[in-house]
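Everything on this sheet refers to the single structure shown next.
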Amino acid sequence: MGQTEKLSASLEDYLEAIFEIVSEKGGVRAKDIAAKLSVKAGSVTGALQALAERNYINYAPYEVITLTDQGTAAARQIIRKHEVLKDFFVDILGASPDIAEDGACKAEHVIPDELIDRLVTFAEFVQACPRCGDDWLQHYRQHCYQDTAKAFNDCQACIDNKSSSLKGNQEMIQQAEMCLADVPVGEKCVVKKINRKASATKRLVEMGVSRGSIIEVERVAPLGDPIEVKVKGYHLSIRKDEAACIEVQPS
Amino acid sequence: MSRKTLTVALAGNPNSGKTTIFNALTGARQHVGNYPGVTVERKEGTRTYKGYDIRFVDLPGTYSLTAHSIEEVVARDFIIDEHPDVVVDIVDASNFERNLYLATQLVELKVPLILALNMVDLAEKQGFKFDQEKIGRFFNARVISTVGSKGVGINNLLDTIIEQVEKGDAAPKDAAIHYGDDIEKELEKVMPLVCQEHTLAKKYGARWLSLKLLEQDKEILDKGHSPEVLEAAVASIEHLEKLYGDTPEILVAEKRYGYISGVYEQAVIRTVETRHNMSDWVDKLLLNRVLGLPIFFGLMYLVFKLTFWAGDPFMGYIEAGFEWLGGFISGFWPEGTDSALHSLLVDGIIGGVGGVVVFLPNIILLFLAIAILEDSGYMARAAFLMDRVMKKIGLDGRSFIPMVIGFGCSIPAIMGTRILEDRKSRFATIMVLPLMSCGARLPIYALIIPAFFASHLHGLMMWLIYVIGILLAIILAFILRKTLLKGDTGLFLMELPPYRMPTLRGLMIHMWERSWLYLKKAGTVILFISIVLWALTSYPKVSETELVGLSEYEAQQTELRHSVAGRIGAGMEPAIKLMGFDYRIGTALVGALAAKEVFVSQLGIVYSMGETDEESTTLRQKLAENYTPLQGFCIMLFCLISAPCVATLAVCRRETNSWKWALFQFGGLTMVAYIITVVVYQIGRLFIT
């Protein structure tokens, strides 16, 4: 395939223009191209010859120009890049369509295919992921339209808002990892899991400290180590390092 | 009609009041022994009732019947091997759920079972009501209620035992706990294979064996199963572990509690909810963050104060008694005659044994105080308070209890270490226990301290010597746990039972059992040693001609130097000189090896004081003339640390089941004593002179 030979930026522009005119009118003449790209007819001829040499177009003087299969594929690829970039600039970055169009036209020639794929994935992710999503983009856009100081204030409000909901999450996470040693005196909790080797776990279970049993922390010894708990209606003393292996949740 | 004999086993959790029931059933007709091969106490008692001779066996108190501890294995083996006619499970009714855990396992052994809901009065006060018939149906057992401390329900229990024997089970023994489809399915896979192991299956029952295999019970795994059975068990265990993320032994234990919760829902009604009972209020004070420790130390002080203060007059009586006995026996020989038998009886036996028995009042009182602390439930609190400290030195809060007992006598203290589950912490405790200055060392201090120190220093010196012992015990335990006995301290899961008023009968039995050990030592080991020592100090005799012309004092000196003990003492002199000891102290130390208290009487013999004890002023004068206070202190120090007495050595060997450990203790402590005393003496000399 002729793709081994990379097209220059202007040749790509030509190819793109030809593709667009073809899809509009069915056939292309040199002056249509000159009009679309705002160049002189003479320079169009040279470009068309270059493209014909690379087997992208069927070209003979005074005849209608058509794209070869290879030319169609290459043009589609360029247009896809263009569209992706433009959409990204508009939808994600919130740029105006004109600037986006212009930027896309320039970037499409130099950006590698892999980065385009990445941009697509990122755009999809931003739009689909529940943690960013549309409202997140909305906030971003508001941020762009405001002056810096004000934007920062809004950000603070937003951060506060987010962090409070995050705290809720964190509490949930902490609850999941709370252990008996952390339970304050006088509080009750329910055993979730015992993270000890089997023989020690069995001993605990036999003494009534098993999944689902309710444990009330009665007191801590004066020197700070063993704690006294109430389980199944009786009092049991247990060391803190053992209690740290017992996962619980408050009841 | 010939009387039929029955064997009834009493099972139950620790603190369930099992011993109280046992005492109420059998009274004084008790016999304490050991289970063969292990050091677990086996208590038996008999009772004749309605034409039956009933033999009650008090199984060790356990929470479960797994292979977790020797006690559990012993209890289980007794039930399986000796087929008791009835097993009575004593259940603390106020602690219903945990106590029934044991019952679920007894049911599985398919024994004729009676559940005695003990302390039911307390439970009712807390608002529990029990539907005994329903409970019985769940456990295939007859259920009765008792109040052991008041003797309520004892006759009913006896009647029920007879009824069980005569009429058989109240319900057919087919029902068993259902462990859920997944476990049951695995049991069904293992069971047919187990059934092929005929002898084992016949002895234990196929279902029980299969269950124990899934529980990975160490004892049962070692019973010589076929490879197929073991393979099937391993496969089942792995399958269940994958399914639940826990091993079957834990799942099974959880299911048992699940079953009990079911019983509780169905058969127990809670009428009033009491948040805090008396016991909780007492704990609020005794385990208070600020007051807890001061109260604890205050109680300890009180125990010792009481022991020595109240014991004093009785000691006087016993002393007088032995003196009278010595005089009485001497009366059979005409004055002035010399007889070997006379000397043996009066100087050897009465002097030696008497010297030990004199301390019996102290020992009895100390053990009484300890029994009160134990039976009331305070000892568990002491362990709770002290665990942090004990853990630091690699021991367990529960090690503290034997250590307190050690101040009385090392022998019951070493036996008391049985409450420690972890072997290594138990051994470390045993090794350092003799450093708890026992009652037998007291006469040595009582002799030495007034001889060398001004009266206002007496208390301080006594305190110092006890504290040195305690500190050394801490240091040595720490070193042992870091070296020879390295390892975790194990679980410190200890029940804090509700406070209870100790019963007089319980206290007396407790106290007597331990005091008896002490007395037995006096009657056996010390009697024997006294005779040997007497012989060592009396023979070989010097020929009469050599003594001609010497004063009585000089003659005795010559005789002693000539004797075996004198020669050993003299032989040791170069070594013990570094500690500031001469041959006379060396000779006395030979005696002290046998029993610490012998040191005093030996020293008396060495100084030819005839009848001497620690009150002897003349002996004290002699000592003060011959030695410096530093030497006196070194004597106490060496006696405190050095080799424990022969009786302790014997008990240590029995409890550790190893001569190696016993001799290690004996040699190790002696070496430590030697080194420390040499250092103290040599350094002390620099400062004092």
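Every heavy atom of this structure was used, including side-chain atoms; hydrogens, water molecules and symmetry mates were not. Every chain is numbered from 1 and lettered A, B, ... according to where its sequence line falls, protein lines coming before strand lines.
- For Glu206(A), the parts lying near chain B are the backbone and the side chain together; criterion is any non-hydrogen pair under 4.5 Å.
- Across all their heavy atoms, Arg239(A) and Asp396(B) have their closest contact at NH2-CA, 3.8 Å.
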>> Set out, in order, the CA-CA distance, both residues' side-chain angles and the distance that settles side chain to side chain contact (heavy atoms under 4.5 Å, CB included) for Arg98(B) and Val231(A), then state yes or no.
In response: CA-CA 9 Å; Arg98(B) 209 217 45 227; Val231(A) 58; over 6 Å; no

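- The candidate with the highest count of non-hydrogen atom pairs below 4.5 Å against chain A, out of Ala383(B), Ala380(B), Ser64(B), Ser94(B), is Ser64(B).
- Side-chain contact between Asp241(A) and Lys391(B) is present, with heavy atoms from C-beta onward closer than 4.5 Å.
- Contact check for Glu228(A) versus Asp283(B): side-chain heavy atoms found under the 4.5 Å cut-off.
- In this structure, CZ on Arg388(B) lies 8.0 Å from NZ on Lys240(A), to the nearest 0.5 angstrom.
- Within the 4.5 angstrom heavy-atom criterion, only side-chain atoms of Arg196(A), from C-beta onward, approach chain B.
- Here the shortest heavy-atom pairing between Leu236(A) and Leu493(B) reads CD2-CD2, 3.7 Å.
- Chain B forms more heavy-atom pairs under 4.5 Å with one residue of Gly208(A), Gly233(A), Ser210(A) than with any other, namely Gly208(A).
- A heavy-atom distance below 4.5 Å is not found between the side chains of Glu242(A) and Phe492(B).
- For a residue to count as touching a neighbouring chain, one of its non-hydrogen atoms must lie under 4.5 Å from one of that chain's; by this rule Tyr101(B) touches chain A with the side chain only.
- In this structure, the separation between CE on Met207(A) and CE on Met494(B) is 10.0 Å, given to the nearest 0.5 Å.
- Going from atom CZ of Arg289(B) over to atom CZ of Arg219(A) covers 10.5 Å, rounded to the nearest 0.5 Å.
- For Asp246(B), the part lying near chain A is the side chain, with the backbone staying farther off; criterion is any non-hydrogen pair under 4.5 Å.
- To the nearest 0.5 angstrom, Ser213(A) atom OG is 8.5 Å from Glu254(B) atom CD.
- Environment of CZ in Phe478(B): sparse, with no more than 12 heavy atoms of neighbouring residues, nucleotides or ligands closer than 6.0 Å.
- Interatomic distance, Met390(B) CE to Asp225(A) CG, rounded to the nearest 0.5 Å: 14.0 Å.
- Remark: Lys232(A) qualifies as a cation-pi partner of Tyr257(B) under the 6.0 Å distance and 45° angle criteria applied to the six-membered ring.
- Contacts between Val209(A) and chain B at a heavy-atom distance below 4.5 Å are absent for every atom of the residue.
- Taking chain A as the reference chain and counting heavy-atom pairs below 4.5 Å, the highest number among Thr247(B), Leu102(B), Leu293(B) is found for Leu293(B).
- Here the CG-OH distance, from Asp92(B) to Tyr234(A), works out to 11.5 Å after rounding to the nearest 0.5 Å.
- The parts of Leu204(A) that come within reach of chain B are both its backbone and its side chain, each placing non-hydrogen atoms under 4.5 angstrom from that chain.
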